[in-house]
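Data block below; observations after.
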Amino acid sequence: MIEINHLVKRYGNHMAVDDLSLQVEPGKIYGFLGPNGAGKSTTMNIITGYLASTSGEVKINGKDVTVEPEEAKKCIGYLPELPPLYTDMTVKEYMDFAAELKKIEKGKRAEQVKQAMEMTGILDVSGRLIRNLSKGYKQRVGLAQAVLGEPEIIILDEPTVGLDPKQIIEIRELIKKLGENHTVILSSHILTEISAVCDHVFIISKGKLVASDSTENLLERMTGNQQIELLLNAEKNTAEEKMLAIAGVERCEVLEQKEENTVALLLFAKKDCDIREEIFHTCVAAQMPILEMKTAEKSLEDVFLELTAKGGIEK
Ligand code: ADP
Ligand code: MG
């Protein structure tokens with residue numbers, strides 16, 4: 001459905017996209033995961049025909065975006081990083097305007113606009129000025145213009161950035177719903193954001209593809225070794241010594257001390273070991289009350305380190 005071959009985008013001497021190749025099949029939700037500056041937005045802008053590449057090829061349903069940009073654009077609904085909202089329009093006025101821009105047949109406009117607004121849950125704010133909407137609702141309007149006209153492919157650049165937790169959950173639900181009958185690509189610099197909704201993940205770093213795998217496989221590869229954060233009411237050296245004596249513990253880091261008489265530790269388990277119960281028993285025996293125990297979230301940096309350490313690119 002989307003085929004990218006050896007895509008390059010250069011700004012002066014800087015390679016924003018560096019020989020990127022990937023394929024997108026119909027009917028799945030894909031994630032572009034990578035830190036700020038990785039080249040996600042640049043790639044999305046090239047796929048959607050808004051930016052010219054330096055070299056390489058992008059085909060949408062077999063059509064080259066540089067040769068037939070209009071044809072390619074017809075298949076894609078796009079929500080850019082900064083949605084092009086006209087804030088002095090009402091939601092309905094903006095949607096009608098978007099329908100005109102998308103050259104949706106006059107006779108079908110009203111119905112299609114209604115459908116897109118219904119799907120994104122903005123019918124009840126249709127008369128409001130966009131300027132007065134909450135950030136979450138503005139994002140819904142952006143999504144509504146992206147899905148307008150029922151494009152096969154929907155591309156969303158950091159769709160949940162700047163939203164509060166409740167709005168994030170709502171937008172995620174919406175994206176999942178869209179994924180039921182569209183091919184969706186979304187970008188994020190947050191691992192949990194991508195793993196919550198995507199079937200497949202492309203990890204992009206410095207313009208290069210460093211991993212491509214199902215979300216399930218990727219999480220498994222990354223969560224191979226358990227990491228536990230622990231807050232104990234104990235003396236630092238004793239705590240460290242007792243924890244290191246647990247058979248499944250490979251390494252123990254002392255984290256910054258938050259309160260007096262407590263010690264915060266980060267424990268790294270050996271491969272395939274679940275050390276939680278042993279931690280409990282050891283702490284009871286040593287009379288070190290457990291104040292907190294949780295599985296440590298891996299950062300994107302950890303993920304990159306692990307992936308690159310395990311031998312780089314997999315396809
Ligand atoms: P991401 O979306 O992953 O954060 P971008 O695609 O926005 O990354 O940017 C990739 C790289 O290209 C960054 O280093 C950025 O500074 C650079 N870049 C993006 N747009 C331009 C531009 N118009 N001119 C020069 N450099 C740019
Ligand atoms: Mg970006």
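Indexing begins at 1, ligand by ligand and atom by atom, following the structure's order.
In summary, S41 places an N/O/S atom under 2.8 Å from the Mg ion (ligand 2), meeting the contact criterion.
Of the N or O atoms in A16, none lie within a sub-3.5 Å distance of an N or O in ligand 1. For ligand 1, the polar-atom distance check against H14 finds a nitrogen or oxygen pair separated by under 3.5 Å. For ligand 1, the polar-atom distance check against E81 finds no nitrogen or oxygen pair separated by under 3.5 Å. At a 3.5 angstrom cut-off on N or O pairs, S41 counts as close to ligand 1.
With a 6.0 Å cutoff to the six-membered ring centre and a 45° limit on the axis angle, K73 counts as a cation-pi contact of Y50. Cation-pi check for K9 over Y11 is met; the charged atom lies under 6.0 angstrom from the ring centroid and within 45 degrees of its normal.
With Q227 contributing its side chain and L267 its backbone, the two residues share no donor-acceptor pair below 3.5 Å.
A donor-acceptor contact closer than 3.5 angstrom links the side chains of E235 and T238.
Nearest to atom 11 (C) of ligand 1 by heavy-atom distance, out of G37, G207, G34, S188, is G37.
Atom 25 (C) of ligand 1 is flagged as protein-proximal [any protein heavy atom, distance under 4.0 Å].
Close approach of ligand 1 to T42 (heavy-atom distance below 4.0 Å) involves ligand atoms 5 (P), 6 (O), 9 (O), 10 (C).
Contacts of S187 with ligand 1, taken as heavy-atom pairs under 4.0 Å, are absent altogether.
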